[in-house]
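Let me begin by presenting the structure, written as structure tokens, before commenting on it.
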Amino acid sequence: MSDLQRFDWQMEQERIDLVVSEIKKKENKLQKNTGTVSSDVIQLRKTFWQDVTVNLDEPDDIIETAAGIKQQAELLLEREQTYGQMNRQLKTLTRLKYSPYFGRIDFLEKGEKATDKVYLGIASLMDEKDENFLIYDWRAPISSLYYDFSTGPAHYQTLDGNIEGDMKLKRQFIIKEAEIKGMFDTGVTIGDEMLQEVLGNNASTQMKSIVATIQREQNQIIRNEISKYVVVQGAAGSGKTSAALQRVAYLLYRYRNTMKSENIMLFSPNPLFNSYVATVLPELGEENMQQATFMEYLNKRLGDEFDVEDSFDQLEFLLKGKEDEDYKIRVGGIRFKASLDFKHLIDQFFKKLSERGLVFKDIVFRGEILISKETIHDYFYQLDSSFSIPNRIELVKEWLLRELKKLVRRELSKNWVEEEIQFLEKEDYLEAYKQLQQKNRFTENTFDDFEQEQKFLKEMVVKEKFKSLFAKVKKLKFIDLLGIYRKLFGEKVNQTGEFPSNWSQICLQTTERLNRSVIAYEDATPYVYLQELIEGRKSNTAIRHIFIDEAQDYSPFQFAFIQRLFPYSKMTLLGDFNQAIFSGATGSPTVLKDFEIKGEESATYVLSKTYRSTKEIVEFTSSLLIDGNKIEPFNRSGAKPTIIKTEPALLIDLISNKIKKLLQKGYRTIAVICKTAEESKTAYAALKNVISVHLIEKGTLFYERGVHVIPSYLAKGIEFDAVILYDSSFYKRETERKLFYTVCTRAMHELHLYTTEGLSPLMKTVSNDTYLLEGQIRAN
């Protein structure tokens, strides 16, 4: 290190000491204020009702009481919100105290004489007088200079226009415990030293948000405010998801006065992934957005009336199924039902329903049909056909509610009501008495009018029994949606080139499932779409931005349905066509490849550089793909992947020994990836007897450090220090190539493939220079 470098280092450390000192002052002041507000909240909660005068004697008193309660509630809410905000500020200050910033740029604005020194961190920090910035938030407009330019001419965009100037210096820091551990002056890209420091670490059980290493192309994705649709096609480990979450943080910062975290929705690939990314936004000082899987949304709409298959069960079928005739018919059905051609078929079918074809359910009470499905059918079709189907359904609902009220009165004279009264509990009589007293129908403390007593009790019994019928009508359960959807596959259609050649067989297979009240995953979205057409649009206007991770696993039909659900939302789609494991298994169309979003309202970004895995692992995994040469590895070296041939009897012993060695190396997250859930259970049952392991299943919500046995499709989106493929010879079909590639790309530092049946046929394209092959190890 030269004298100049040593001097620079010393000066930068002195500035850090100064900034940390300022942080501590603000922290102490905030802690005192937080204590005061906390006491206010506790006191307000304790004395809430003491400070409100409750008087319900006169109407004016009731209004005054309600106003008093509202005022007290608003005061408590304000104090609670202030306390929450102070707590978040304290957490941010704590993070800044240990690592105040990661970058510095010296920028001379055009027309100015003084150069601005701008230090970038995860949050802004003002000096003691709140006059000057000690640290700029990485999302601030001026901070984009750090990500987009090298020294020399540079510019950034503000609300007031474009600011031009000259960047004199671009410096990066690695700061730990408020001490500089590394300092580099660099160009346009984030320096290799910084990336090596981050990428060389062990994988975590939760995604890390490293705003210090955002690349220029990722920064463009993060700060795009114009496009309605932002589409990101990125190689495995290229930072797609990280950029998406940083984009969420940027949008919340940029539109902090008009957008909250509850206005943003993330559709994630599985529940486990939700927990994996749960800490990213809080680390950046933001609250988490809404998160759900697409299947969770469908299940809410489908309810519990059916046996609904999810995407994982569908993939299990595809991976384990024998390629017989039934299998081929199912695959053809999956492929067609993913397309917009099938959506068009449903649209045409729906138009016909305006004139004929809707199916309804009988309204039954105590085994008796009160209102028949034929009566409901006739009432619907006698309504003005110029009204939309949803509007007519609403009129039918109102009519049915009126009819039920009439039927309630009719039931009062039935014998069963008298019998029910005989079995009422004491509490039921007391409740009836209270209600009567409130209505001022009695003045004494006992029932003194037997007829009135009986009448009221009858009304109470019948209304209670009818309650579920009223609820079902309000929820439109009188529509036989399953019967209507079943009719779709009984209709004769003009078999043009738009339909699969075995459409009639697909219809028979689908109908057989529907007759058993089974809805296959490929039918779930079309079913809910038809439901929405009939019942009326249930769009969500509160959500202003949708993020779809693993977008390659969404069909054009599913994406069109999401667009319908969130018609006013901007969308960010992230995916990798090479990891399209669901469509890859069937040859189905996918959003990223077969559904173009055209026009000025969309922007597409391609991230071809991968940062997750070592160069050796990337060279191996990319050769599994036809166009794998387009993937550019980050220059981080490690051991070559190994392929170990063995016999089934030795597989568990060899894998457990390998795991022990990996743990000795200090690796904290190790995945034993199996092809299917069934295989995972088998491997887990054997391994748990010799080593501590966790089984990851489709319902798993969290995972810890350690060794995990996991099905192939649940490993998507997650990275591990080391990956062991339980038996790579099980990946044989060409339709499984993308799945094979996906599981191999989960490894950061080491990849080991075991095989009991020789090399997978999918490895014919892989050069033997990219891996180490261990010879056949035989059992005694």
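Residue indices begin at 1 and follow the sequence shown.
Taking 4.0 Å as the cut-off between side-chain N and carboxylate O, K343 and D347 count as a salt-bridged pair. A salt bridge links R737 with E734; the closest basic N to acidic carboxylate O contact falls under 4.0 Å. Salt-bridge check for K538 with E535: passed, with a basic side-chain N closer than 4.0 Å to an acidic carboxylate O. Contact check on R516 versus E512 returns a salt bridge, with a Lys/Arg side-chain nitrogen under 4.0 Å from an Asp/Glu carboxylate oxygen. One finds no salt bridge joining R513 and E309 here, because no Lys/Arg side-chain nitrogen approaches an Asp/Glu carboxylate oxygen to under 4.0 Å. Taking the charged nitrogens against the carboxylate oxygens, E316 and K320 do have a contact shorter than 4.0 Å, which makes a salt bridge. Remark: K240 does not engage D549 in a salt bridge, criterion side-chain N to carboxylate O under 4.0 Å.
Side-chain contact between L353 and I534: present, with at least one pair of heavy atoms (C-beta onward) separated by less than 4.5 Å.
For H694, the ring pair (Phe, Tyr, Trp, His ring centres under 6.0 Å) partners are H708, not counting sequence neighbours. With sequence neighbours excluded, the residues that form a ring pair (Phe, Tyr, Trp, His ring centres under 6.0 Å) with F740 are Y731. Under the rule for a side-chain contact (heavy atoms from CB on, under 4.5 Å), the partners of L395 that lie at least two apart in sequence or sit in another chain are L383, F387, E398.
Relative ring orientation between F365 and F466 is described as tilted, the plane-to-plane angle lying within the 30° to 60° band. The aromatic rings of Y529 and F557 sit perpendicular to each other, their planes meeting at more than 60°, with 30° as the lower class boundary.
The one candidate from Q505, E522, K337 that meets the side chain to side chain donor-acceptor pair (under 3.5 Å) condition with T510 is K337.
Under the 6.0 Å cut-off for aromatic ring centres, Y527 and F306 qualify, their centroids lying closer than that.
To the nearest 0.5 Å, atoms CE (M265) and CD1 (I543) are separated by 5.0 Å. E394 CD to S388 OG: the interatomic distance, rounded to the nearest 0.5 Å, is 10.0 Å. To the nearest 0.5 Å, atom CD1 of residue I389 and atom NZ of residue K351 are 11.5 Å apart. Taking CZ of F312 as the reference point, atom CG of N270 lies at 5.0 Å (rounded to 0.5 Å). Residue D307 holds its CG atom at 11.0 Å from CG of L302, rounded to the nearest 0.5 Å.
Note that K738 lies in the cation-pi zone of F577, set by a 6.0 Å cut-off to the ring centre and a 45° limit from the axis.
For residues 568-577, the set of pairs meeting the side-chain hydrogen bond (donor to acceptor under 3.5 Å, both in side chains) definition, not counting sequence neighbours, comprises Q233-D576, R247-T572, H545-T572, D576-Q579. The list of salt bridge (Lys or Arg N to Asp or Glu O under 4.0 Å) pairs with a residue in residues 369-389, not counting sequence neighbours, is empty. For the salt bridge (Lys or Arg N to Asp or Glu O under 4.0 Å) condition, no pair includes a residue of residues 266-276, sequence neighbours left out.
Side-chain atoms of Q558 come within 3.5 Å of backbone atoms of S555 as a donor-acceptor pair (strictly under, hydrogens ignored).
When only modelled atom types and interatomic distance are considered, Y485 and D480 share no side-chain donor-acceptor pair under 3.5 Å.
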